[in-house]
Chemist: 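The structure's right below; bear with me while I get my questions together.
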Amino acid sequence: MMVQTRRASRTGPRSAREDATGLLYPQTLVLGGMAAWLSLIMFNNITDSGTNITLIGQVLTMEGIIADPDRGNGLVGRALPGSLAAPALYAVIAYQALSVLLLWTATVAHTRLLLGRGDGTRATFLGNIALCSLAGLALMFLVGGLWFGYWIALPPVQQVHFTLLIIAIGAMVLINMPRTVRPADGVT
C-alpha cells in the first residue's frame with residue numbers, strides 16, 4: 001500500500017494570519033479613521049455646542065424658509081420652537097457616542113485580526129454594526145433635515161450628510177469583502 005505524504009506547500013493549511021489578505025489593512029484603516037473622525041465631531045459638539053445649537057435651531061424653526069416669500073411656504077407649519085435645539089443636540093451627541101464606541105470596538109477587533117489574535121467573523125459583524133450605526137446617523141440627519149426643508153436653506157449641510165451616507169455604505173462593502181486567500185483549485 002502506498003502512503004501518500006503531503007509536503008508543505010503554499011496550498012496547504014495556513015494560519016489565519018497567513019490567510020489574511022491586504023484587505024485587512026484598509027478595512028482597519030477605514031474603521032479607525034471613521035472612529036477618529038466621529039470622535040472629533042462629537043468632541044467639537046460638546047466643546048462648541050453653541051454653534052450647533054444655533055444651526056439646529058435654524059433648522060427646527062425653519063427661519064431661513066420662513067424669511068423666503070417664494071420657497072417652502074407649504075412646509076413652514078412643521079416649524080418647532082428653537083428651545084428644542086439644545087435637547088436635539090444632546091440626543092445627537094448621545095447617538096454619536098454610541099456610534100463612536102461601536103467604531104472603536106470594530107477597529108480593535110480588526111487590529112486584533114491583523115495581529116493574528118482575532119476572529120474574522122466577529123470583526124466583520126462588529127464592523128457592520130458600527131457602520132450601520134454611522135449610516136443611521138446620516139439617515140437621521142437626512143430624513144430629519146428633509147422634514148424641516150433644510151435643503152432649501154442649507155444645501156451644503158445636506159451634501160455633507162449624503163457624503164457621510166455614501167462613505168458608510170462604501171465602508172460596508174469594504175468590510176464585507178472576503179479576507180482569505182482561496183487557492184486556484186477551490187480547496188480552502
Chemist: As an exercise, state the distance from CG of L146 to CG of L139, rounded to the nearest 0.5 Å.
Modeler: 11.5 Å
Chemist: Mind checking whether V157 and F162 sit in one hydrophobic cluster, side chains of I, L, V, M, F, W, Y counted as touching below 4.5 Å?
Modeler: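 Yes, V157 connects to F162 through the hydrophobic network.
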Chemist: If every non-hydrogen atom of S39 is compared with every non-hydrogen atom of V100, which pair is closest and at what distance?
Modeler: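 That would be OG-CG1, 3.2 Å.
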Chemist: Hydrophobic clusters here meaning ILVMFWY residues chained together by side-chain heavy-atom distances under 4.5 Å, can you tell me if Y95 and L101 are in one?
Modeler: no
Chemist: Looking at D48 and N44, would you say the former's side chain and the latter's main chain have a donor-acceptor pair under 3.5 Å?
Modeler: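 Here the side-chain-to-backbone pair does not exist.
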Chemist: Please round to the nearest 0.5 Å and tell me the distance separating atom CG of L24 and atom CD1 of I175.
Modeler: 9.0 Å
Chemist: Measure the spacing between CG of L38 and OG of S133 and express it to the nearest 0.5 Å.
Modeler: 8.0 Å
Chemist: Please report the interatomic distance CG(N128) to CG(L102), rounded to the nearest 0.5 Å.
Modeler: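 Rounded to the nearest 0.5 Å, the CG-CG separation comes to 12.0 Å.
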Chemist: Could you check whether any side-chain heavy atom of Q96 comes within less than 4.5 Å of a side-chain heavy atom of V92, counting everything from C-beta outward?
Modeler: yes
Chemist: If Ile, Leu, Val, Met, Phe, Trp and Tyr residues are connected whenever their side-chain heavy atoms lie under 4.5 Å apart, and connections chain through other members, are L131 and V108 in the same group?
Modeler: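 No, it is not one cluster - the side chains of L131 and V108 are not joined through contacts under 4.5 Å.
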Chemist: Tell me whether W104 at atom CH2 has more than 12 heavy atoms from other residues, nucleotides or ligands lying less than 6.0 Å away.
Modeler: yes
Chemist: Any donor-acceptor pair under 3.5 Å linking the side chain of Q27 with the backbone of L174?
Modeler: yes
Chemist: Taking all atoms of both residues into account, what is the closest heavy-atom pair of G64 and A153, and its distance?
Modeler: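 Heavy atoms only, the tightest pair is CA-CB, 4.1 Å.
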Chemist: Determine the minimum heavy-atom distance between G22 and P26, stating which atoms define it.
Modeler: O-CD, 2.7 Å
Chemist: Would F141 and V160 count as a side-chain contact (heavy atoms from CB on, under 4.5 Å) if you check the C-alpha gap in whole Å, the side-chain angles of each, and the deciding distance to 0.1 Å?
Modeler: CA-CA 10 Å; F141 290 149; V160 169; over 6 Å; no
Chemist: Is there a continuous path of hydrophobic side-chain contacts, each under 4.5 Å between heavy atoms, that joins Y90 to I46?
Modeler: yes
Chemist: Roughly how far, to the nearest 0.5 Å, is CG of L126 from CG of L103?
Modeler: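 Separation between the atoms: 11.0 Å.
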Chemist: For E63 and I66, run side-chain contact (heavy atoms from CB on, under 4.5 Å): C-alpha distance rounded to whole Å, both residues' side-chain angles, the deciding distance at 0.1 Å, then the answer.
Modeler: CA-CA 5 Å; E63 67 185 46; I66 291 171; 5.6 Å; no
Chemist: For L164 and M34: C-alpha separation, side-chain torsions, deciding distance, then whether side-chain contact (heavy atoms from CB on, under 4.5 Å) applies.
Modeler: CA-CA 10 Å; L164 177 59; M34 295 309 295; 4.1 Å; yes
Chemist: Between F148 and L80, does a side-chain contact (heavy atoms from CB on, under 4.5 Å) hold up when you go through it step by step?
Modeler: CA-CA 9 Å; F148 293 103; L80 295 175; 3.5 Å; yes
Chemist: Going only through I, L, V, M, F, W and Y residues with side-chain contacts under 4.5 Å, is there a path from I167 to I129?
Modeler: no
Chemist: Indicate the atoms forming the closest heavy-atom contact of T124 with H110, along with that distance.
Modeler: N-CE1, 4.1 Å
Chemist: Testing the basics here: between I56 and A88, what is the closest heavy-atom pair and its distance to 0.1 Å?
Modeler: CG2-CB, 4.0 Å
Chemist: So do the side chains of W147 and L60 get within less than 4.5 Å of each other, counting heavy atoms only?
Modeler: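 No, side chains not in contact.
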Chemist: Return the CD1 to CG distance between I53 and L89, rounded to the nearest 0.5 Å.
Modeler: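 Interatomic distance, I53 CD1 to L89 CG, rounded to 0.5 Å: 5.5 Å.
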Chemist: Compare every heavy atom of M177 with every heavy atom of L23, then report the nearest pair and how far apart it is.
Modeler: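 Scanning both residues completely, I find the closest heavy atoms to be CD1-CB, 3.8 Å.
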Chemist: Mind jotting down which residue pairs meet the salt bridge (Lys or Arg N to Asp or Glu O under 4.0 Å) criterion with at least one end in residues 68-93? Sequence neighbours excluded, please.
Modeler: D68-R71
Chemist: Is there any salt bridge (Lys or Arg N to Asp or Glu O under 4.0 Å) pair reaching into residues 111-133, and which pairs are they, with sequence neighbours excluded?
Modeler: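 For residues 111-133, and leaving out neighbouring residues, there are no salt bridge (Lys or Arg N to Asp or Glu O under 4.0 Å) pairs at all.
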Chemist: Can you tell if the side chain of I152 reaches within under 4.5 Å of the side chain of M62, non-hydrogen atoms only?
Modeler: no
